Amino acid sequence: MNKDSNDNHSEEVKSNFIHLEIDKDLEENKNGGAVLTRFPPEPNGYLHIGHAKSICLNFSLAQKYGGGCNLRFDDTNPVKEDVEYVDSIQEDVKWLGFNWEKEVKFASDYFDQFYAWALLLIKAGKAYVDDQNADEIAKQKGTPTEPGTESPFRNRSVEENLDLFERMKAGEFPTGAKVLRAKIDMSSPNMHLRDPYMYRIIHQAHHRTGDKWCIYPIYDFAHGQEDFIEGITHSICTLEFKVHRPLYDWFLDQIREADENWKAKVRPRQIEFARLNLNYTVMSKRKLLELVQKDIVEGWDDPRMPTVSGLRRRGYTPESIRNFADKVGVTNRDSITDVALLESCIREDLNKKVARVNAVIDPLKLIITNYPEDQEEWVELINNPEDESMGSRKLPFSREVYIERDDFMEDAPKKFFRLTVGKELRLKGAYAITCTGIKKNEEGVIEEIYATYDPETKSGATTVTRKIKGVIHWVSAKHAVDAEVKLYDRLYNHEAPAAQKDADHLDFINPDSLQVVRAKVEPSLKDAKALDKFQFQRIGYFCVDKDSSSDKLIFNRTVALKDSWSKKK
RNA sequence: UGUCCCAUGGUGUAAUUGGCAACACGUCUGUUUUUGGUACAGAAGAGUUUAGGUUCGAAACCUAAUGGGACAACCA
């Protein structure tokens with residue numbers, strides 16, 4: 001990966017408490033002025049918006065201080081991990097706009113070194129092999145209010161520990177038969193210091209090391225060393241790891257004490273920050289996986305998912321997500337961010353970037369009775385009033401057009417600026433029309449609307465000066481292209497679906513989170529390609545779905561336009 | 001009935017480290033507009049969880065209370 005291409009975007013990042021800490025370290029010349037961070041996902045799931053916050057934080061730190069950021073897979077548990085995730089994670093990080101330092105890193109590349117260090121700790125009398133099973137060890141752990149008791153195997157000789165550990169590695173014992181533990185303090189008020197696990201036996205092939213290993217290091221005996229080996233200066237993680245920090249430091253201190261080659265190396269510093277929470281959504285990999293496995297959504301990239309791939313498919317841009325990550329800030333207090341902030345970020349970005357098009361998502365036919373039967377003409381519309389350089393396009397206009405069912409009302413209040421019998425309004429970019437009548441079926445549902453147009457009011461060329469308040473979008477019936485449009489709403493109808501004592505998050509699934517409608521869209525959309533983004537005039541922002549084709553157009557609604565009219569009602 | 005962390009408008013963050021609380025989102029008003037969008041102008045909304053203390057002066061420092069969170073996986 002090329003470091004220089006890392007800043008194709010150089011947004012000013014809001015300052016936060018981590019900057020202050022790094023500034024301090026730099027002043028003390030702790031790492032010779034270097035700043036190297038890392039994003040260390042476990043390849044056991046897809047990245048979500050919470051990871052995106054962490055990614056933005058770590059890479060922006062690197063950018064700000066002229067350092068780098070590694071992408072490192074924390075692949076120490078073969079039973080949960082898979083290459084599928086390794087691939088999707090790299091794709092998502094790149095898509096977000098970040099380039100990691102050099103080649104991708106893997107914790108599994110350091111297994112030999114971890115093993116050598118474990119041997120050193122055993123020799124120093126700081127680690128021992130325990131023959132007990134998980135239950136027994138858990139019982140001896142004590143509780144947060146009671147100290148633990150020492151394992152009967154705690155005081156084995158160095159020779160015996162060495163022998164046993166080597167045989168663990170050699171595959172002499174079955175999965176789970178023995179573990180390697182650090183010898184620290186069973187009565188520590190910090191549970192993580194009560195002789196924590198270092199290695200366990202797992203007879204399972206690893207996606208990168210194959211069958212080379214049957215013992216795998218636990219997080220605490222891996223993460224700090226990974227940072228240390230790579231020369232990470234600041235190891236940024238979430239709040240729940242705060243209690244692990246003494247252990248993170250302890251292992252590295254032992255290693256530096258026991259290993260001449262690493263004595264002089266500066267210990268990386270762990271700094272914790274609060275993870276992102278969003279209302280009306282869940283953010284745990286386990287729950288997201290549950291949504292996928294129970295077919296509540298259509299996969300990890302379902303546009304209702306808070307995953308990076310879901311947001312991408314929904315029509316979010318990397319810029320909007322980066323901007324959002326900056327706006328939520330970085331602190332060490334738990335909080336729940338309103339999804340409205342995320343939505344405002346994507347609206348802000350798309351508003352200036354994306355072309356406006358005419359699309360009718362709930363079509364109602366309107367017949368212009370005084371417009372010649374076989375006549376058609378082309379009218380010109382501006383592509384984006386926010387950006388003149390995007391030019392204009394021509395749209396066919398004819399006697400029959402589709403308008404939005406919502407844009408007509410029989411008994412309209414005076415504040416209704418749209419169409420009602422006897423009222424005049426403008427078909428955007430075309431003519432002013434006056435509604436003359438409607439046709440209903442037996443059930444009273446309106447089937448057609450009739451209107452007359454005023455040829456003197458053609459957009460651009462008009463000499464008519466009277467004020468026409470209402471303007472609606474439309475699509476020529478004869479030229480319209482059919483499209484499937486997916487209207488998404490929040491996946492949950494509860495603000496905090498994962499935080500209820502007596503209920504499961506699945507109890508709060510919004511049954512109307514997806515509504516599929518048949519729309520009529522302007523012909524220029526016929527060849528729109530996957531991920532193309534548009535503003536459907538007066539409706540919202542839409543993105544072409546990956547399953548779309550010119551035979552069957554599919555659009556996903558990214559977000560609706562702000563709507564101060566429906567609020568009034 | 002432990003240890004540690006946290007506490008600022010509805011929400012998320014600021015406050016140059018002790019000098020009369022700012023920004024964004026949201027909400028509400030207007031103006032412009034061939035999008036009830038955007039833009040622009042403006043408004044409401046916290047006196048910083050509470051009680052003590054230190055100080056000429058506290059959102060910031062100290063103590064306690066209250067509330068929230070983390071910690072007892074051969075997960076990360």
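Below, chains carry the letters A, B, ... as their sequence lines are ordered, and counting in each starts from 1. These numbers were taken from a predicted model, which means no experiment stands behind them.
- By the 30° and 60° cut-offs, the orientation of the rings of Phe542(A) relative to Phe536(A) is parallel.
- Going from atom NZ of Lys327(A) over to atom P of rA14(B) covers 16 Å, rounded to whole Å.
- Using a 4.0 Å heavy-atom cutoff across all strands shown, Glu136(A) reaches no nucleic acid atom at all.
- Backbone-only engagement by Val330(A) is indicated by non-hydrogen atom pairs under 4.0 Å involving sugar-phosphate atoms exclusively.
- Heavy atoms of Gly460(A) sit under 4.0 angstrom from at least one base atom.
- Side-chain contact check for Arg38(A) and Asn58(A): no donor-acceptor pair (N or O, by modelled atom type) lies under 3.5 Å.
- Remark: Arg333(A) is in phosphate contact with rU13(B), judged by side-chain N or O atoms under 4.0 Å from OP1 or OP2.
- Side-chain atoms of Arg426(A) lie closest to rU34(B) of the nucleotides rU34(B), rA76(B), rC28(B).
- Close to rC74(B), at under 4.0 Å from its OP1 or OP2, lies a side-chain N or O of Tyr197(A).
- Using atom P as the reference point in both rU63(B) and rC4(B), the two lie 12 Å apart (nearest Å).
- The C1' atoms of rU48(B) and rC6(B) are separated by 15 Å, rounded to the nearest whole Å.
- The aromatic rings of Phe397(A) and Tyr431(A) sit tilted relative to each other, their planes meeting at an angle between 30° and 60°.
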Check your understanding: Just by protein heavy atoms under 4.0 Å, how would nucleotides 35-44 of chain B read 5' to 3' in B, S and -?
Key -> BBBB------
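- Within 4.0 Å (heavy atoms only), Leu180(A) reaches no atom of the nucleic acid at all.
- The P atoms of rA76(B) and rU27(B) are separated by 44 Å, rounded to the nearest whole Å.
- Residue Thr76(A) places at least one side-chain N or O closer than 4.0 Å to OP1 or OP2 of rA76(B).
- Nucleic acid contact class of Asn190(A) (heavy atoms, under 4.0 Å, all strands): none.
- The closest side-chain heavy-atom distance from Leu425(A) to Val471(A) is not below 4.5 Å.
- When the C1' atom is compared between rA51(B) and rU11(B), the two are found 28 Å apart, to the nearest whole Å.
- More than 90° away from 0 lies the glycosidic angle of rU38(B), which makes this nucleotide anti.
- By the 30° and 60° cut-offs, the orientation of the rings of Tyr115(A) relative to Phe165(A) is parallel.
- Dashed line: the shortest gap from a side-chain N or O of Arg200(A) to OP1 or OP2 of rA76(B) is under 4.0 Å.
- Nucleotides rU50(B) and rG67(B) place their C1' atoms 10 Å apart, quoted to the nearest Å.
- No contact: Tyr199(A) has no heavy atom under 4.0 Å from any strand.
- Checked by distance alone, His244(A) brings a side-chain donor or acceptor within 3.5 Å of a matching partner on the base of rA76(B).
- With distances taken from any side-chain atom of Lys467(A) to the nucleotides rC71(B), rU33(B), rA76(B), the minimum falls on rU33(B).
- Checking rC74(B), rA72(B), rG12(B) against every side-chain atom of Val328(A), the shortest atom distance belongs to rG12(B).
- Taking only side-chain atoms of Met191(A), from C-beta outward, the nucleotide of rU11(B), rU3(B), rC71(B) with the closest atom is rC71(B).
- The residue Thr331(A) sits close only to the backbone: its heavy atoms come under 4.0 Å of sugar-phosphate atoms, none of a base.
- Between Phe114(A) and Phe111(A), the ring planes are tilted. Angles from 30° to 60° get that label.
- Each of rC74(B), rU13(B), rG2(B) was ranked by its minimum atom distance to the side chain of Ile218(A); first place goes to rC74(B).
- Residue-level contact check: Ala340(A) touches the backbone only, with heavy atoms under 4.0 Å from sugar-phosphate atoms and none from bases.
- Within the nucleic acid shown, Ile336(A) comes within 4.0 Å of sugar-phosphate atoms alone, with no base atom in reach, counting heavy atoms only.
- If you take atom C1' in rU33(B) and the same atom in rG69(B), they sit 49 Å apart, rounded to whole Å.
- Taking atom P on both rG47(B) and rC28(B), the two are 23 Å apart, rounded to the nearest angstrom.
- Separating the C1' atom of rA21(B) from that of rG57(B) is a span of 16 Å, rounded to the nearest Å.
- The aromatic rings of Tyr46(A) and Tyr85(A) sit perpendicular, their planes meeting at an angle over 60°, well past the 30° parallel limit.
- Between His244(A) and Tyr248(A), the ring center distance fails the sub-6.0 Å criterion.
- Which of rA24(B), rU8(B), rG2(B) sits closest to the side chain of Leu341(A) comes down to rA24(B).
- RNA chain B forms stems at B:2-7 with B:66-71, B:10-13 with B:22-25, B:27-31 with B:39-43, B:49-53 with B:61-65, each a run of 3 or more consecutive Watson-Crick or G-U wobble pairs whose two key distances fall under 3.5 Å.
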